[in-house]
Amino acid sequence: MVLIYPCIECFQFLDFPACISPAYPEVIERVKAGELLLDLGCGLDQDVCKLIYDRGPAEKLVDADSGSAFHSLGYELFEDQDTLKACLITSDVFADKFLEEFRGKVDIVFMGSFLHLFTFDQQTIIMKQVFRLLRHKPGSKIFGRHMAISEAGGAFKTNAIGWSLYYHSPDTLQKLLDGASEGQWDLSTSLIPYSSASSAKLDSAMKWQRGDHVKQMYFTAELQPFT
(Lines give C-alpha, C1' and ligand atoms only; values in the text may rest on other atoms or scores of the structure.)
Protein backbone atom coordinates (compact mmCIF):
# COMPACT_ATOMS: atom_id res chain seq x y z
CA MET A 1 0.00 0.00 0.00
CA VAL A 2 1.74 3.15 -1.23
CA LEU A 3 0.50 6.75 -0.97
CA ILE A 4 2.83 9.01 -2.93
CA TYR A 5 2.02 12.52 -1.74
CA PRO A 6 4.57 15.24 -0.99
CA CYS A 7 3.40 15.66 2.61
CA ILE A 8 3.76 11.90 3.21
CA GLU A 9 7.12 11.73 1.44
CA CYS A 10 8.40 14.44 3.82
CA PHE A 11 6.59 13.02 6.88
CA GLN A 12 4.76 16.32 7.26
CA PHE A 13 1.71 14.54 8.63
CA LEU A 14 3.75 13.94 11.80
CA ASP A 15 3.66 17.68 12.47
CA PHE A 16 0.01 17.26 13.54
CA PRO A 17 -0.64 20.45 11.58
CA ALA A 18 -4.02 21.37 13.08
CA CYS A 19 -2.59 21.76 16.57
CA ILE A 20 0.21 24.11 15.48
CA SER A 21 -2.22 26.42 13.71
CA PRO A 22 -2.78 29.77 15.48
CA ALA A 23 -6.49 28.91 15.40
CA TYR A 24 -6.13 25.68 17.39
CA PRO A 25 -6.70 26.95 20.95
CA GLU A 26 -10.08 28.37 19.92
CA VAL A 27 -10.91 25.33 17.79
CA ILE A 28 -10.31 22.76 20.53
CA GLU A 29 -12.46 24.72 22.97
CA ARG A 30 -15.29 24.95 20.45
CA VAL A 31 -15.14 21.21 19.78
CA LYS A 32 -15.19 20.53 23.53
CA ALA A 33 -18.30 22.73 23.69
CA GLY A 34 -20.06 20.46 21.18
CA GLU A 35 -19.31 21.94 17.76
CA LEU A 36 -18.70 19.58 14.83
CA LEU A 37 -15.31 19.58 13.09
CA LEU A 38 -14.54 18.09 9.68
CA ASP A 39 -10.96 17.30 8.68
CA LEU A 40 -11.10 17.39 4.87
CA GLY A 41 -8.20 15.57 3.25
CA CYS A 42 -7.42 14.02 6.61
CA GLY A 43 -4.56 11.77 5.53
CA LEU A 44 -3.73 9.21 8.21
CA ASP A 45 -6.22 10.67 10.71
CA GLN A 46 -3.36 12.14 12.71
CA ASP A 47 -5.11 15.40 13.56
CA VAL A 48 -8.27 13.78 14.86
CA CYS A 49 -6.06 11.64 17.09
CA LYS A 50 -4.44 14.80 18.48
CA LEU A 51 -7.84 16.44 18.99
CA ILE A 52 -9.01 13.41 20.96
CA TYR A 53 -5.76 13.40 22.96
CA ASP A 54 -6.52 17.03 23.84
CA ARG A 55 -9.94 15.89 25.11
CA GLY A 56 -12.01 16.74 22.08
CA PRO A 57 -15.08 14.45 21.98
CA ALA A 58 -14.66 11.85 19.23
CA GLU A 59 -18.35 11.99 18.33
CA LYS A 60 -17.83 15.60 17.20
CA LEU A 61 -15.01 14.75 14.77
CA VAL A 62 -15.36 13.68 11.13
CA ASP A 63 -12.43 12.64 8.93
CA ALA A 64 -12.84 12.47 5.15
CA ASP A 65 -10.41 11.49 2.42
CA SER A 66 -10.54 10.03 -1.06
CA GLY A 67 -9.24 6.54 -0.32
CA SER A 68 -9.74 3.97 2.42
CA ALA A 69 -5.97 3.32 2.40
CA PHE A 70 -5.47 6.52 4.39
CA HIS A 71 -7.68 5.29 7.22
CA SER A 72 -6.20 1.78 7.10
CA LEU A 73 -2.65 3.07 7.40
CA GLY A 74 -3.72 5.43 10.17
CA TYR A 75 -5.12 2.51 12.14
CA GLU A 76 -1.83 0.68 11.63
CA LEU A 77 0.28 3.68 12.62
CA PHE A 78 -1.64 4.63 15.76
CA GLU A 79 -2.87 1.11 16.64
CA ASP A 80 -6.35 2.43 17.35
CA GLN A 81 -8.73 0.59 15.03
CA ASP A 82 -10.65 -0.83 18.00
CA THR A 83 -10.65 2.39 20.01
CA LEU A 84 -10.94 5.34 17.59
CA LYS A 85 -14.57 6.47 17.73
CA ALA A 86 -14.43 9.43 15.32
CA CYS A 87 -16.41 9.18 12.07
CA LEU A 88 -14.03 8.16 9.26
CA ILE A 89 -15.38 8.52 5.73
CA THR A 90 -14.05 7.70 2.26
CA SER A 91 -15.62 10.02 -0.31
CA ASP A 92 -14.86 11.98 -3.48
CA VAL A 93 -14.92 15.71 -2.78
CA PHE A 94 -16.02 16.35 -6.39
CA ALA A 95 -19.06 14.07 -6.17
CA ASP A 96 -22.49 15.74 -6.31
CA LYS A 97 -23.58 14.11 -3.06
CA PHE A 98 -20.30 14.59 -1.18
CA LEU A 99 -21.01 14.20 2.56
CA GLU A 100 -24.64 15.02 1.88
CA GLU A 101 -25.64 13.84 5.34
CA PHE A 102 -23.51 16.59 6.92
CA ARG A 103 -24.74 19.55 4.86
CA GLY A 104 -25.47 22.53 7.05
CA LYS A 105 -24.24 20.71 10.16
CA VAL A 106 -20.48 21.42 10.27
CA ASP A 107 -19.10 24.26 12.39
CA ILE A 108 -15.38 24.03 11.60
CA VAL A 109 -13.47 22.62 8.62
CA PHE A 110 -9.74 21.89 8.72
CA MET A 111 -7.74 21.43 5.50
CA GLY A 112 -4.08 20.59 6.01
CA SER A 113 -1.79 20.24 2.97
CA PHE A 114 -4.87 19.74 0.84
CA LEU A 115 -5.90 22.71 -1.30
CA HIS A 116 -2.48 23.03 -2.94
CA LEU A 117 -2.99 19.67 -4.70
CA PHE A 118 -5.62 21.19 -6.99
CA THR A 119 -5.96 23.87 -9.64
CA PHE A 120 -7.75 27.09 -8.74
CA ASP A 121 -10.89 25.96 -10.59
CA GLN A 122 -10.88 22.66 -8.72
CA GLN A 123 -10.38 24.49 -5.44
CA THR A 124 -13.43 26.63 -6.25
CA ILE A 125 -15.51 23.46 -6.53
CA ILE A 126 -14.07 22.19 -3.24
CA MET A 127 -14.85 25.42 -1.44
CA LYS A 128 -18.42 25.35 -2.73
CA GLN A 129 -18.73 21.88 -1.24
CA VAL A 130 -17.31 23.17 2.04
CA PHE A 131 -19.80 26.04 2.10
CA ARG A 132 -22.65 23.55 1.66
CA LEU A 133 -21.38 21.62 4.68
CA LEU A 134 -20.91 24.59 6.98
CA ARG A 135 -23.63 26.08 9.10
CA HIS A 136 -24.56 29.36 7.47
CA LYS A 137 -24.07 31.44 10.58
CA PRO A 138 -21.46 33.93 11.79
CA GLY A 139 -18.44 32.21 13.31
CA SER A 140 -18.39 29.13 11.11
CA LYS A 141 -14.71 28.58 10.46
CA ILE A 142 -12.26 27.18 7.94
CA PHE A 143 -8.61 26.81 8.89
CA GLY A 144 -5.57 24.97 7.65
CA ARG A 145 -2.26 25.20 5.89
CA HIS A 146 -0.90 24.75 2.40
CA MET A 147 2.03 25.71 0.24
CA ALA A 148 2.24 29.40 -0.57
CA ILE A 149 4.66 31.88 -2.02
CA SER A 150 6.09 35.15 -0.78
CA GLU A 151 5.53 36.69 -4.21
CA ALA A 152 2.28 37.02 -6.15
CA GLY A 153 0.29 33.79 -5.83
CA GLY A 154 -1.46 31.74 -8.44
CA ALA A 155 1.40 29.59 -9.72
CA PHE A 156 0.62 25.95 -10.45
CA LYS A 157 3.83 24.02 -11.04
CA THR A 158 4.78 20.39 -11.54
CA ASN A 159 7.85 20.25 -9.35
CA ALA A 160 6.98 18.17 -6.30
CA ILE A 161 8.03 14.56 -6.89
CA GLY A 162 5.78 14.50 -9.92
CA TRP A 163 2.90 16.37 -8.33
CA SER A 164 1.55 19.72 -9.41
CA LEU A 165 1.11 22.15 -6.51
CA TYR A 166 -0.79 25.43 -6.41
CA TYR A 167 1.01 28.21 -4.56
CA HIS A 168 -1.39 30.64 -2.92
CA SER A 169 -0.82 34.13 -1.66
CA PRO A 170 -3.22 35.95 0.69
CA ASP A 171 -4.80 37.67 -2.31
CA THR A 172 -5.49 34.46 -4.23
CA LEU A 173 -6.91 32.77 -1.14
CA GLN A 174 -9.25 35.71 -0.56
CA LYS A 175 -10.29 35.52 -4.21
CA LEU A 176 -11.02 31.81 -3.78
CA LEU A 177 -13.24 32.41 -0.75
CA ASP A 178 -15.10 35.30 -2.36
CA GLY A 179 -15.80 33.36 -5.54
CA ALA A 180 -16.94 30.12 -3.95
CA SER A 181 -19.59 31.25 -1.47
CA GLU A 182 -22.28 33.80 -0.86
CA GLY A 183 -20.90 34.82 2.51
CA GLN A 184 -18.29 37.34 3.60
CA TRP A 185 -15.14 35.99 5.20
CA ASP A 186 -12.71 37.45 7.70
CA LEU A 187 -9.42 35.96 6.48
CA SER A 188 -6.13 35.93 8.33
CA THR A 189 -2.94 34.35 7.01
CA SER A 190 0.66 33.91 8.05
CA LEU A 191 3.58 32.82 5.90
CA ILE A 192 6.35 30.87 7.57
CA PRO A 193 9.46 29.12 6.22
CA TYR A 194 8.91 25.57 5.09
CA SER A 195 9.70 22.99 7.75
CA SER A 196 9.04 19.32 8.24
CA ALA A 197 8.89 16.84 11.08
CA SER A 198 11.59 14.89 9.23
CA SER A 199 14.82 16.87 9.07
CA ALA A 200 16.31 14.15 6.89
CA LYS A 201 13.75 14.95 4.22
CA LEU A 202 13.93 18.72 4.54
CA ASP A 203 16.70 19.35 2.01
CA SER A 204 15.04 17.27 -0.68
CA ALA A 205 11.72 18.93 0.07
CA MET A 206 13.17 22.36 -0.46
CA LYS A 207 14.75 21.18 -3.70
CA TRP A 208 11.41 20.18 -5.18
CA GLN A 209 9.92 23.46 -4.04
CA ARG A 210 12.58 25.41 -5.92
CA GLY A 211 13.94 27.59 -3.20
CA ASP A 212 13.14 29.26 0.09
CA HIS A 213 10.74 31.80 -1.46
CA VAL A 214 8.13 29.05 -1.11
CA LYS A 215 6.48 29.07 2.30
CA GLN A 216 3.79 27.40 4.29
CA MET A 217 0.65 29.46 4.75
CA TYR A 218 -1.44 29.04 7.87
CA PHE A 219 -4.89 30.49 7.32
CA THR A 220 -8.11 31.04 9.19
CA ALA A 221 -11.35 32.23 7.59
CA GLU A 222 -14.43 32.99 9.67
CA LEU A 223 -17.87 33.58 8.26
CA GLN A 224 -19.20 37.06 8.96
CA PRO A 225 -22.82 38.16 9.57
CA PHE A 226 -24.92 38.14 6.44
CA THR A 227 -26.06 41.56 5.24
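In this text, all values refer to a predicted model and were calculated from it rather than measured experimentally. Only this structure's heavy atoms are used, side chains among them; waters, hydrogens and symmetry mates stay out.
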### Task
Grab the two heavy atoms, one from Phe118 and one from Ile126, that are nearest each other, plus how far apart they are.
CD1-CD1, 3.6 Å
### Query
Any chance CD of Glu101 has more than 12 other-residue heavy atoms, nucleotides or ligands included, within less than 6.0 Å?
yes
### Query
Just wondering, more than 12 heavy atoms not from Lys105 lying within 6.0 Å of its NZ?
no
#### Entry: Closest non-hydrogen atom pair between Asp65 and Cys42, with its separation
OD2-N, 3.1 Å
### Query
Where does the angle between the aromatic ring planes of Phe110 and Phe143 fall among parallel (under 30°), tilted (30 to 60°) and perpendicular (over 60°)?
tilted
### Task
Kindly state whether the ring of His146 and the ring of Phe219 have centres lying under 6.0 angstrom apart.
yes
### Query
Nearest heavy-atom pair of Gln46 and Pro17: which atoms, and what distance?
NE2-CD, 4.4 Å
### Query
What about the rings of Tyr53 and Phe16, do their centers lie closer together than 6.0 Å?
no
### Query
Would you call Lys175 and Asp171 a salt bridge, taking side-chain N to carboxylate O under 4.0 Å as the test?
no
### Query
More than 12 foreign heavy atoms under 6.0 Å from NZ of Lys128: is that the case here?
no
### Query
In Å and rounded to the nearest 0.5 Å, what is the CD to CG distance from Gln123 to Leu177?
10.0 Å
### Query
Nearest heavy-atom pair of Leu99 and Ala64: which atoms, and what distance?
CD1-CB, 4.2 Å
### Interatomic distance, Ile20 atom CD1 to Tyr218 atom OH [nearest 0.5 angstrom]
3.0 Å
### Message
So His168 and Gln174, do their side chains get closer than 4.5 Å, heavy atoms only?
### Response
no
### Query
Is it the case that Asp45 and His71 place a side-chain donor and acceptor less than 3.5 Å from each other?
yes
### Query
What is the distance from atom CG of Leu223 to atom NE2 of His136, rounded to the nearest 0.5 Å?
7.5 Å
### Task
State, with a plain yes or no, whether a side-chain heavy atom of Leu40 is found less than 4.5 Å away from one of Gln129.
no
### Task
May I ask you to check whether over 12 heavy atoms, not counting those of Glu59, lie within 6.0 Å of atom CD?
yes
